[in-house]
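Encoded as structure tokens, the structure appears first; notes follow it.
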Amino acid sequence: MTIEQQAAPASREKDKHYAIVVNAQPFTVTTREVTFAQIVKLAFGVEGDDPDKTFTITYRKSDNARHDGTLVEGGTVKVKNGTVFNVTSTTRS
């Protein structure tokens with residue numbers, strides 16, 4: 001261990017885990033803030049870059065000032081244990 005590593009303060013967030021729910025399935029994330037793309041990937045196993053698909057994400061019980069709402073593409077949400085996401089996919093016909 002180097003001197004720099006010893007002097008660096010331990011991050012309290014470093015080892016933190018958050019239990020969230022995406023489409024009624026439990027997941028654990030290691031960051032306090034999650035992105036639109038991360039939630040789509042948890043919900044459907046894809047990145048969400050298909051131009052013929054649109055994803056809608058609603059959330060509740062978040063750690064944001066507003067505890068519920070809609071997560072838009074490119075957006076983020078601060079999570080806490082118990083944050084719930086509902087993700088739907090629509091295909092353009």
Please tabulate, for side-chain N and O atoms in residues 78-85, each donor-acceptor pair with protein atoms closer than 3.5 Å (sequence neighbours left out).
from  : atom 1 : to    : atom 2 : distance (Å)
Asn81 : OD1    : Ala19 : N      : 2.7
Thr83 : OG1    : Lys61 : O      : 2.9
Thr83 : OG1    : Lys80 : N      : 3.0
Thr83 : OG1    : Lys80 : O      : 3.0

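Closest approach of His17 and Thr30 over heavy atoms only: ND1-CG2, 3.3 Å. In terms of heavy-atom proximity, Phe36 sits nearest to Gly74 at CB-N, 3.8 Å. The minimum heavy-atom distance between Phe44 and Asn23, with the atom names listed, is CZ-ND2, 4.2 Å.
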Trace of the side chain to side chain contact (heavy atoms under 4.5 Å, CB included) decision for Val40 with Ile57
CA-CA 8 Å; Val40 169; Ile57 302 175; 3.9 Å; yes
Given side chain to side chain contact (heavy atoms under 4.5 Å, CB included), test Thr90 with Phe55 step by step and report yes or no.
CA-CA 6 Å; Thr90 305; Phe55 296 96; over 6 Å; no
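Checked options Thr88, Leu71, Thr70; the residue passing with Thr58 is Thr70 (criterion: side chain to side chain contact (heavy atoms under 4.5 Å, CB included)). Among Val22, Val34, Val21, the single residue meeting the side chain to side chain contact (heavy atoms under 4.5 Å, CB included) criterion with Phe27 is Val22.
Here the CD1-OG distance, from Ile20 to Ser62, works out to 11.5 Å after rounding to the nearest 0.5 Å. Separating the NZ atom in Lys16 from the CZ atom in Arg32 is a distance of 9.5 Å, to the nearest 0.5 Å.
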